[in-house]
Each structure stands twice: as structure tokens, then as C-alpha cells.
There are 2 protein chains.
Amino acid sequence: MLSIGDLSKRTGVKVPTIRYYEQMGLLAAAERSEGNQRRYSRQDLERLAFIRHGRDLGLDISAIRELISLSQHPDHPCADADRIASDHLAAVREKIDRLKRLEQELERIVSHCDGGHSIEECYVIRALSDHNLCDSEH
Amino acid sequence: MLSIGDLSKRTGVKVPTIRYYEQMGLLAAAERSEGNQRRYSRQDLERLAFIRHGRDLGLDISAIRELISLSQHPDHPCADADRIASDHLAAVREKIDRLKRLEQELERIVSHCDGGHSIEECYVIRALSDHNLCDSEH
DNA sequence: CCAGGAAGCTCTAGTCTCTAGAGCTATGAA
DNA sequence: TTCATAGCTCTAGAGACTAGAGCTTCCTGG
């Protein structure tokens with residue numbers, strides 16, 4: 001059995017975050033030692049690694065909760081899991097697109113400014129003040 | 001003089017958000033009508049448009065606060081404004097990179113899963129359970 | 001001139017995913 | 001036995017809003 005600190009070290013998830021996941025129902029309430037400290041099994045370790053991995057991939061807690069519940073019905077069809085992942089992929093792609101548009105606009109603004117003159121004529125400030133100086137919507 | 005609703009319509013910033021910006025010190029506390037309602041001038045409109053534009057570009061409130069304060073010293077050098085924008089650009093690029101790595105990994109996971117089989121053999125679930133199935137760190 | 005509804009006001013709490021801190025207790029090695 | 005480290009619970013804070021309650025002011029039509 002692992003203490004919460006051990007579990008933290010092995011998964012890279014911080015201690016308060018583990019407690020938070022328990023509170024959110026992602027992890028079952030852990031067994032307790034005589035002194036009321038949490039004790040974790042190998043299964044708990046795997047479950048937490050699963051959660052961590054999902055978070056690293058940017059899935060939100062409710063998606064992970066759903067995936068966990070799906071994973072506990074091995075003979076159900078996997079269409080739902082596929083949909084969660086696909087939806088998330090689509091969301092990631094949208095974010096990338098949006099950020100790329102931002103990147104272009106910022107690039108353009110910054111490239112007009114060499115930092116060597118006064119605020120009065122600073123392109124950064126002027127661009128923010130006047131939307132007409134922008135190339136695209138954002 | 002504009003009411004808060006007028007200001008909202010003209011800038012596309014929602015009414016509660018305008019009050020929030022006032023509370024955060026981005027907008028000066030507005031003049032009030034006899035009946036204690038906020039009244040805005042053309043300057044306020046421009047200031048809010050500036051803020052909105054900064055937010056649209058993804059700058060956070062403290063960066064915008066700093067830019068506003070810089071913009072009020074027209075003869076200072078603009079190096080600081082340049083740095084804020086450049087830093088932000090760098091942050092945006094980092095986010096893009098990270099999201100692209102996610103995109104690739106998710107793409108790979110999703111492409112292994114056609115939704116047509118059972119959870120037991122679902123690649124989405126298996127990939128989450130087993131980090132070794134991943135191509136890259138994330 | 002007044003009714004009624006839209007728009008305004010303040011204040012509080014909720015969103016999401018943690019993170020930090022206070023104040024206390026348990027564990028384990030010297 | 002001592003004492004540091006690690007654990008416990010509970011509350012609050014972060015950022016950038018958003019929603020709702022309960023109240024007041026404004027404006028228009030009749």
C-alpha cells in the first residue's frame with residue numbers, strides 16, 4: 001500500500017491534487033490507515049495514471065470521468081470513447097487555429113515596433129487603440 | 001454621454017464585464033447620473049475598445065493595465081510595450097507548439113479507433129491506460 | 001401623468017482546476 | 001523520546017468572467 005506522498009511521486013500528480021480528484025469522484029475514496037491516512041493500491045495507481053494522462057492530453061474532468069465509467073464496461077461498444085476523443089481533437093484544432101491567427105496579428109504588431117522610440121508613436125499601443133490597423137478579425 | 005448598455009453595444013463587451021473592468025481598475029470609475037447610473041464619455045469608449053482589443057489578442061488583465069499606464073506617458077520609450085507584446089507572442093507560440101503535439105497524439109489515438117468494436121479493445125482507453133502506447137511526451 | 005417593462009444598481013456566489021495556507025495529528029528514524 | 005516530515009481537514013484564492021437575487025431608475029405609450 002502506498003501513502004499519498006508515494007502515489008504523488010510515482011504519478012507526478014501533486015498531493016493536494018490527488019485529494020481534489022477524490023473529492024471530485026475521479027478516484028474512489030481511499031482506504032485509510034489506523035491513523036486515518038490514505039493508503040493506495042496498485043489499482044489506484046493505475047487509475048490515477050489514467051487520469052493524469054487524460055489531463056495531460058487536455059481532457060477535462062467530466063470527460064475523464066466518462067471515460068473511466070466507460071472503461072468499466074469492457075463489452076460495451078467503444079463509440080462513446082471514440083466520440084469523446086474526436087470531439088476533443090476537434091476542440092484542440094480550433095484552439096490551434098485561433099492561436100495561429102493571434103500569432104500572426106501579434107507578429108505583425110511586434111515587427112512594426114523595434115522598441116527604440118517613444119510610446120507616442122509605438123505601434124503596439126497604436127494597434128491596440130485602433131482596430132483599423134489590424135489585418136484580421138480576432 | 002453613453003449608458004452602460006450603449007457602451008456595451010458599441011464595444012461588444014457585456015455589461016457585467018464592463019462593471020468588472022471598473023472594479024479591476026482598468027476603467028476609471030464612471031461618472032454617475034442623478035439616479036446613480038454610469039455615464040460614459042468618448043474617452044471611456046476608446047479605453048474600453050483598447051481593453052477589448054487587448055483581451056481579443058489574449059493579453060491578460062495585468063498586461064493590459066500596464067499597457068494603459070504606458071500609453072499615458074507618450075514620451076517614454078516604448079521598449080516596455082514592445083516587451084509585453086513580444087512576451088505574449090512567445091507565450092502564444094508555446095501554446096501552439098504544445099497544442100500541436102497534443103493534436104498529433106490525439107490524432108494517432110483516434111485513428112486507431114473506428115468506434116466499431118468494444119471498450120475492451122478500444123485504443124482510446126488503452127492508450128490512456130498505458131503511456132507506452134504514446135509516441136511523444138505531453 | 002402614470003403604468004409597465006426594460007435597463008440599471010449592488011452584492012454574492014458559481015465556473016474550472018487546482019494551489020496555498022492555517023492549524024492540527026500521525027509516522028518513522030536517530 | 002524527540003523531532004522533522006508527512007499527513008489530515010477546511011477555507012480561501014487564482015483569472016476572467018457569468019448568473020442570479022432583490023431592488024431602483026429610466027423611458028415610452030396611452
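Letters A, B, ... mirror the listed sequences (proteins, then strands); counts begin at 1.
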Asks: Anything under 3.5 Å between a donor and an acceptor, one on a side chain of residues 62-69 of chain A, the other on a protein residue two or more places apart or in another chain? List them.
Replies:
from, atom 1, to, atom 2, distance (Å)
A/Ser62, OG, A/Asp60, OD1, 3.2
A/Arg65, NH1, A/Met24, O, 2.3

Asks: Expressed in angstrom and rounded to an integer, what is the separation of B/Arg52 atom CZ from D/dA16 atom C1'?
Replies: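 Nearest whole value for this atom pair: 13 Å.
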Asks: Does B/Glu103 pair with A/Arg93 as a salt bridge, N-O distance under 4.0 Å?
Replies: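 Counted as a salt bridge, because a side-chain N and a carboxylate O are separated by less than 4.0 Å.
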Asks: Residues two or more places apart in sequence or in another chain: which of them pass side chain to side chain donor-acceptor pair (under 3.5 Å) with B/Asp44?
Replies: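 Partners of B/Asp44 under the side chain to side chain donor-acceptor pair (under 3.5 Å) test: B/Ser41.
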Asks: List the protein contact pattern of nucleotides 8-30 of chain C with one symbol per nucleotide (5' to 3'): B for base contact, S for sugar-phosphate-only contact, - for none; contact means a heavy-atom distance under 4.0 Å.
Replies: SSB------BBS------SS---
Asks: Expressed as a whole number of angstroms, how long is the span from A/Leu7:CG to D/dG7:C1'?
Replies: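 For the pair A/Leu7 CG and D/dG7 C1', the rounded distance is 14 Å.
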Asks: Rounded off to whole Å, could you give me the CD1-to-P distance for the B/Ile51 and D/dA16 pair?
Replies: 13 Å
Asks: State whether A/Glu105 and A/Lys100 are salt-bridged, where the test is any N-O pair (Lys NZ or Arg NE/NH1/NH2 against Asp/Glu carboxylate O) under 4.0 Å.
Replies: no
Asks: Would A/Asp87 and A/Arg83 pass as an ion pair if we require N to O under 4.0 Å?
Replies: yes
